[in-house]
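These notes concern the structure reproduced below.
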Amino acid sequence: MISKTKVHINNIDGLRAISCIGIIAMHILANSNYSAAEGWMKNTFIPSLTLLVYLFMMISGFGMSMGYYESFKNHTVDFNVFYKRRYKKILPFFSLLIFLDIVITRSGEHLIQGLAELTMVFGLLPNNQLDVVGVAWFLGVVFLFYMLFPFFVFLCWTKKRAWVSFIISIILNVACANYFYTSKFVISGFSNRHTLLYCSPFLILGELIYLYHFDILEFLSKLKIGVVIPITITVFFYISLFFNAKQNFSNNAVDLETIIVFGSWLSYAIGTKQNNYFLSNKVMKYLSSISMEMYLAQMFVFDALKKIGVLYLFGRGYLSYTLTLCMTILGLIIFIETYKIIIKLFK
């Protein structure tokens with residue numbers, strides 16, 4: 001039998017790091033003009049990396065459950081400490097980015113939006129699509145999940161109730177995409193995934209996987225090549241995209257498939273041996289530890305590279321694109337480590 005002891009699951013570090021790099025790669029392509037990356041690669045595969053935000057959400061659902069599910073269920077959690085930790089973890093670095101954005105733009109609108117974002121409850125706005133640190137919509141959704149986590153524990157109080165909640169969340173996801181988030185209710189350009197209700201299946205699935213994580217560990221520990229399962233599912237996912245002949249990838253069209261793909265990868269990460277060579281190593285652990293900061297600051301560093309004119313040093317092919325990705329990641333590491341040093345000096 002597998003010992004039911006709570007431990008840090010090292011393999012999730014790899015998933016978090018890969019997700020962060022994939023999202024950065026997608027944003028670089030979306031905000032540049034690399035002509036060589038045409039066809040299926042440019043129109044489907046790289047844009048599909050935007051779906052990795054859902055893997056981030058699943059990991060958040062699983063991680064929060066790993067850390068606090070039992071405490072909330074047993075009424076032993078300190079609410080003051082719980083919410084202070086959420087703010088302490090996110091707000092200092094996020095505040096710096098908001099400040100830099102307002103200084104750079106010198107916009108009154110950005111000042112108003114930045115002040116709203118500093119509260120960390122901007123996910124409650126009717127349209128969580130602000131211009132200040134544009135990728136921060138993800139924080140708006142996830143922090144709202146933190147706020148409502150006691151309710152999510154209630155939704156997943158038992159495995160049976162968790163399944164019912166998960167199925168209902170999928171139904172609501174479909175209803176949002178096809179009815180509630182249409183022109184009948186929302187303005188043009190409204191983004192489905194910027195709302196908690198739409199993203200709830202991914203967060204609840206993280207909790208559901210937590211409830212079954214010992215069973216998953218027990219099952220996958222008996223398989224020598226458990227990685228074949230998520231790889232096979234992922235291959236079929238991209239084959240379906242290829243044969244659907246999508247000229248332009250739409251991140252709102254494959255939510256059910258995404259649930260299966262990322263659910264299989266998260267299950268594999270928690271069910272395989274703790275020190276998987278690819279997912280659990282020093283590089284992955286380090287990138288995972290700064291993944292949130294990298295995600296939030298990515299466009300600042302990329303825009304800086306664009307302004308100094310180094311995006312197309314070797315033309316507009318894959319070499320320049322790869323070099324830009326590497327420079328962006330390196331720039332993010334330097335920026336974040338400099339921030340850490342300054343914070344230590346202030347302390």
Side-chain angles (χ1 to χ4, degrees), residues 12 15-16 19-20 23 50-73 77-91 93-94 116-130 133 135-157 161-173 175-177 180-181 191-211 213 251 255 258-259 262-263 266 270 288 291-293 295-296:
I12 291 181
L15 291 185
R16 193 180 287 112
S19 297
C20 182
I23 293 169
T50 187
L51 296 173
L52 289 167
V53 295
Y54 294 139
L55 180 54
F56 261 138
M57 291 179 187
M58 286 187 192
I59 292 172
S60 295
F62 178 83
M64 285 292 291
S65 298
M66 197 75 173
Y68 295 100
Y69 177 87
E70 297 297 338
S71 297
F72 274 102
K73 195 170 181 179
V77 69
D78 186 326
F79 280 88
N80 183 55
V81 173
F82 174 77
Y83 287 112
K84 281 177 67 175
R85 283 180 179 174
R86 309 283 76 75
Y87 275 100
K88 186 177 180 181
K89 181 179 180 180
I90 300 171
L91 194 56
F93 187 77
F94 189 38
E117 290 185 344
L118 284 173
T119 66
M120 295 304 301
V121 298
F122 55 96
L124 292 168
L125 291 170
N127 190 11
N128 175 27
Q129 197 166 346
L130 305 180
V133 192
V135 296
W137 68 265
F138 175 82
L139 274 187
V141 172
V142 171
F143 200 85
L144 190 53
F145 169 65
Y146 295 159
M147 291 171 59
L148 297 174
F149 186 70
F151 178 67
F152 277 86
V153 172
F154 162 76
L155 292 178
C156 298
W157 198 265
R161 189 188 296 178
W163 275 109
V164 173
S165 300
F166 179 55
I167 293 170
I168 292 174
S169 71
I170 293 176
I171 294 172
L172 285 172
N173 173 280
C176 286
F180 290 113
Y181 294 165
S191 181
N192 297 353
R193 63 179 182 165
H194 289 195
T195 64
L196 177 65
L197 195 60
Y198 184 85
C199 296
S200 58
F202 304 99
L203 295 161
I204 293 177
L205 181 58
E207 284 192 86
L208 194 57
I209 290 175
Y210 164 76
L211 293 178
H213 74 284
N251 61 62
D255 288 340
T258 303
I259 287 172
F262 292 148
L266 180 56
I270 68 175
S288 174
S291 58
M292 180 59 74
E293 289 83 359
Y295 172 83
L296 291 174

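Note that the coordinates shown come from a computational prediction; the quantities given were computed from them, not determined experimentally.
Proximity of Val135 to Ile23: side-chain heavy atoms (C-beta onward) are nowhere separated by under 4.5 Å. By the 4.5 Å heavy-atom criterion applied to side chains, Leu130 and Leu125 are counted as neighbours. Looking at Ile204 and Cys156, their side chains come closer than 4.5 Å, going by heavy atoms from C-beta outward. The shortest distance between side-chain heavy atoms of Leu15 and Phe262 does not fall below 4.5 Å. The closest side-chain heavy-atom distance from Met64 to Phe72 is not below 4.5 Å. Residues Leu155 and Val164 form no side-chain contact, since every pair of their non-hydrogen atoms from C-beta on lies 4.5 Å or further apart.
The structure places CE of Met58 at 10.5 Å from CG of Leu208, a figure rounded to the nearest 0.5 Å. Distance check: Ser19 OG to Met57 CE gives 11.5 Å after rounding to the nearest 0.5 Å. The CZ atom of Arg193 sits 9.0 Å away from atom OH of Tyr198, with the distance rounded to the nearest 0.5 Å. Atoms CG and CE, on Leu144 and Met120 in that order, are 10.5 Å from each other to the nearest 0.5 Å. The CG atom of Leu211 sits 5.0 Å away from atom OH of Tyr69, with the distance rounded to the nearest 0.5 Å. Within the model, atoms CG of Leu139 and OH of Tyr146 stand 8.0 Å from one another, a figure rounded to the nearest 0.5 Å.
Listed here is the closest heavy atom pair of Tyr87 and Thr119: OH-O, 2.8 Å. Residues Lys73 and Trp157 share a closest heavy-atom pair of NZ-O, 2.6 Å. Closest approach of Phe82 to Phe149, counting heavy atoms only: CZ-CB, 4.3 Å. The heavy-atom pair separating Phe166 from Pro201 by the smallest distance is CE1-O, 3.4 Å. Contact record, Trp137 with Asn128: O-ND2, 3.0 Å, taken as the closest heavy-atom pair. In terms of heavy atoms, His213 sits closest to Phe62 at CB-CE1, 4.0 Å.
Partners of Tyr181 by side-chain hydrogen bond (donor to acceptor under 3.5 Å, both in side chains), not counting sequence neighbours, listed by chain and number: Thr195. For the side-chain hydrogen bond (donor to acceptor under 3.5 Å, both in side chains) test, residues two or more places apart in sequence or in another chain that qualify with Ser288 are Asp13, Arg16. The side-chain hydrogen bond (donor to acceptor under 3.5 Å, both in side chains) search around Arg85 returns Tyr68, not counting sequence neighbours.
Using cut-offs of 30° and 60° for the angle between ring planes, the Phe56 and Phe138 rings count as tilted.
Side-chain atoms of Ser65 never come within 3.5 Å of backbone atoms of Tyr210 as a donor-acceptor pair (strictly under, hydrogens ignored).
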